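Labels below follow one simple rule: chain letters A, B, ... track the order of the sequence lines, proteins then strands, and each chain is numbered from 1. Values in this document were obtained by computation on a predicted structure and should not be read as measured data.
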There are 2 protein chains.
Amino acid sequence: MQPKGFLFKTMRRDVFQAIADPTRREIINMIAQQPLNVNAVAENFEVSRTAIYKHIKMLTECGLVVITQFGRERFCEARLERLTEVIDWAEQYRKIWTERLESLENFLDTPESPRKKPARKK
Amino acid sequence: MQPKGFLFKTMRRDVFQAIADPTRREIINMIAQQPLNVNAVAENFEVSRTAIYKHIKMLTECGLVVITQFGRERFCEARLERLTEVIDWAEQYRKIWTERLESLENFLDTPESPRKKPARKK
DNA sequence: ATATAATGCAACCTTAGGGTTTCATAAATA
DNA sequence: TATTTATGAAACCCTAAGGTTGCATTATAT
């Protein structure tokens, strides 16, 4: 058996996983400009408040959202610094796909170059 | 009932979903430099070839990988252009978190500024 | 003191995700 | 031709995701 409470507090959820769900990306977009309380967020969706609450909780578990209580309301605030992990990961491949595109353009721009065909089985 | 075959061909899987799994990100990293056949990819993981094959299939469904057959081998090649969607999405929020950091620095750099406390209940 | 609002959380349901084993098939080889 | 090799796909399994309803709790408003 796993010590769930312990894991819950320490395990920082994968940010890639957190942004995989389109609803969570919408939530992020919704509170990116200004904090909203949980109900205000939930009102913008078709699904139940509880469903939205779970999404928000997941976002807090990976640090993309922090919740601050004022009276009986809890405001959800976006802390998007960890999106740099995503950007950095994807950005490292950019030169690969741009180089590929460039070499394709060079290839097409050379009129006398024979069009290669994929290897034929014989 | 859904026309599954039809959906399968048309529904381009969400690229955010595709990169959510760490194994799939590893696969992408593995074939980013040069194509590898399915078995060669699978050899680098603990899990079964079939499991890796499924991951590769998901990656092809969202256009991040293309498969080309040579003889009995099928080579998996990374086509990472669609990662721009991820970068663009995350990048739009960068100014928000950098502005927040800057204003925090400004706040801390002003010695006479009183430290605000969260609203107290009375 | 009560009623209502805003939330957290437990219990439950359904489906997709990730994994395995097994079998079928096409291509390369002994 | 017989046999490996490389792969696709079906049949299952188990768990996490995402959703719902209902209840408990705390703060605000009557």
Side-chain angles (χ1 to χ4, degrees), chain A residues 1-2 4-5 7-9 11 13-27 31 35-62 65-77 118-122, chain B residues 1-2 4-5 7-9 11 13-27 31 35-62 65-77 118-122:
Chain A
M1 268 305 133
Q2 301 283 6
K4 288 242 183 163
L7 279 181
F8 183 79
K9 284 197 183 301
M11 186 184 95
R13 223 173 243 278
D14 184 2
V15 65
F16 287 88
Q17 176 71 28
I19 65 171
D21 185 273
T23 301
R24 285 195 289 273
R25 292 200 297 277
E26 272 196 75
I27 292 175
I31 64 176
L36 291 175
N37 67 48
V38 177
N39 274 354
V41 174
E43 280 167 9
N44 291 281
F45 295 91
E46 295 300 306
V47 297
S48 69
R49 176 186 61 79
T50 305
I52 297 301
Y53 169 70
K54 284 199 207 172
H55 283 306
I56 293 175
K57 203 170 114 187
M58 288 183 73
L59 289 171
T60 66
E61 287 168 13
C62 75
V65 166
V66 294
I67 297 184
T68 312
Q69 180 165 359
F70 288 99
R72 64 183 162 185
E73 293 174 83
R74 318 220 171 167
F75 284 86
C76 309
E77 185 182 352
R120 283 256 165 255
K121 56 184 176 183
K122 54 183 170 186
Chain B
M1 267 303 136
Q2 301 282 7
K4 289 243 183 162
L7 278 180
F8 184 78
K9 283 198 182 302
M11 186 183 94
R13 223 171 242 279
D14 184 1
V15 63
F16 287 88
Q17 177 70 28
I19 65 172
D21 184 272
T23 301
R24 284 195 290 273
R25 291 201 298 278
E26 271 196 76
I27 291 174
I31 63 176
L36 291 176
N37 66 48
V38 177
N39 274 356
V41 174
E43 279 166 10
N44 292 281
F45 295 91
E46 295 298 306
V47 298
S48 70
R49 175 186 61 81
T50 306
I52 298 300
Y53 170 70
K54 285 199 207 173
H55 284 306
I56 293 175
K57 202 169 114 187
M58 289 182 72
L59 290 170
T60 67
E61 286 168 13
C62 75
V65 167
V66 294
I67 297 184
T68 313
Q69 181 164 358
F70 289 100
R72 65 184 162 184
E73 293 175 83
R74 317 218 172 169
F75 284 87
C76 309
E77 186 181 352
R120 282 256 165 256
K121 58 183 176 185
K122 55 181 171 189

Given atom [atom1] of [X] and atom [atom2] of [N], what is their separation to the nearest angstrom?
X: A:D21; N: D:dG19; atom1: CG; atom2: C1'; value: 11 Å
X: A:R13; N: D:dG18; atom1: CZ; atom2: C1'; value: 12 Å
X: B:I19; N: C:dG18; atom1: CD1; atom2: P; value: 13 Å
X: A:E61; N: C:dG8; atom1: CD; atom2: C1'; value: 13 Å
X: A:L59; N: D:dA17; atom1: CG; atom2: C1'; value: 14 Å
X: A:Q17; N: D:dT15; atom1: CD; atom2: P; value: 18 Å
X: A:I27; N: D:dG19; atom1: CD1; atom2: C1'; value: 13 Å
X: A:L36; N: C:dT7; atom1: CG; atom2: P; value: 10 Å

**Study point:** Non-neighbouring partners of B:R24 that pass salt bridge (Lys or Arg N to Asp or Glu O under 4.0 Å), sequence neighbours left out
**Key:**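 Not a single residue meets the salt bridge (Lys or Arg N to Asp or Glu O under 4.0 Å) criterion with B:R24.
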Practice item. Hey, which sits more toward the 5' end of DNA chain D by its nearest nucleotide, A:M58 or B:E73? Key: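 The residue whose closest nucleotide sits nearer the 5' end is B:E73.
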Check your understanding: Would one find a side-chain N or O of B:R74 under 4.0 angstrom from OP1 or OP2 of D:dT5?
Key ->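 So the side-chain polar atoms of B:R74 never come under 4.0 Å of the phosphate oxygens OP1 or OP2 of D:dT5.
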Point to revise | Presence of A:N39 side-chain N/O under 4.0 Å of C:dA5 phosphate oxygens OP1/OP2 | key: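 Looking at the OP1 and OP2 atoms of C:dA5, neither is under 4.0 Å from any side-chain N or O of A:N39.
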Practice item. Over all heavy atoms of both residues, which pair between B:A20 and A:F16 is shortest? Give the atoms and the distance, please. Key: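 Looks like CB-O, 3.9 Å.
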Check your understanding: Taking all non-hydrogen atoms of both residues, which atom of A:N37 and which atom of A:A40 are closest, and how far apart?
Key ->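 Between these two residues, the closest heavy atoms are OD1-N, 2.8 Å.
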Point to revise | Check against salt bridge (Lys or Arg N to Asp or Glu O under 4.0 Å), B:K54 and B:D21 | key: CA-CA 12 Å; B:K54 285 199 207 173; B:D21 184 272; over 6 Å; no
Exercise for review: Determine whether B:R74 and B:I56 make a side-chain contact, defined as any pair of heavy atoms from C-beta on separated by less than 4.5 Å.
Suggested key: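 No - every pair of side-chain heavy atoms lies 4.5 Å or more apart.
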Point to revise | Residues which pass side chain to side chain donor-acceptor pair (under 3.5 Å) with B:E77, listed by chain and number, not counting sequence neighbours | key: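 Checked B:E77 against side chain to side chain donor-acceptor pair (under 3.5 Å); matches are A:R100.
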Check your understanding: Can you list the residues that meet the side chain to side chain donor-acceptor pair (under 3.5 Å) rule with B:E26, with sequence neighbours excluded?
Key ->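 Applying side chain to side chain donor-acceptor pair (under 3.5 Å) to B:E26 gives none.
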Check your understanding: Could you spell out the base pairing of DNA chain C in dot-bracket, with Watson-Crick or G-U pairs whose two distances are under 3.5 Å, [ ] crossing and | to another strand?
Key -> ||||||||||||||||||||||||||||||
Check your understanding: Between B:Q17 and B:I19, is there a donor-acceptor pair closer than 3.5 Å when you use the side chain of the first and the backbone of the second?
Key ->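 Judged by distance alone, no pair lies under 3.5 Å.
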Check your understanding: Of the residues in residues 44-55 of chain A, which ones touch DNA chain D at a heavy-atom distance under 4.0 Å?
Key ->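 Heavy-atom cutoff 4.0 Å gives A:V47, A:S48, A:T50, A:A51, A:K54, A:H55.
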Check your understanding: Ignoring hydrogens and angles, does a donor from either the side chain of B:R72 or the base of D:dT5 sit under 3.5 Å from an acceptor on the other?
Key ->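 Yes, a donor-acceptor pair under 3.5 Å.
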Output a table of donor-acceptor pairs, distance under 3.5 Å, between side-chain atoms of residues 45-53 of chain A and any protein atom two or more places apart or on a different chain; print 'none' if there are none.
residue	atom	partner	partner atom	Å
A:S48	OG	A:A51	N	3.1

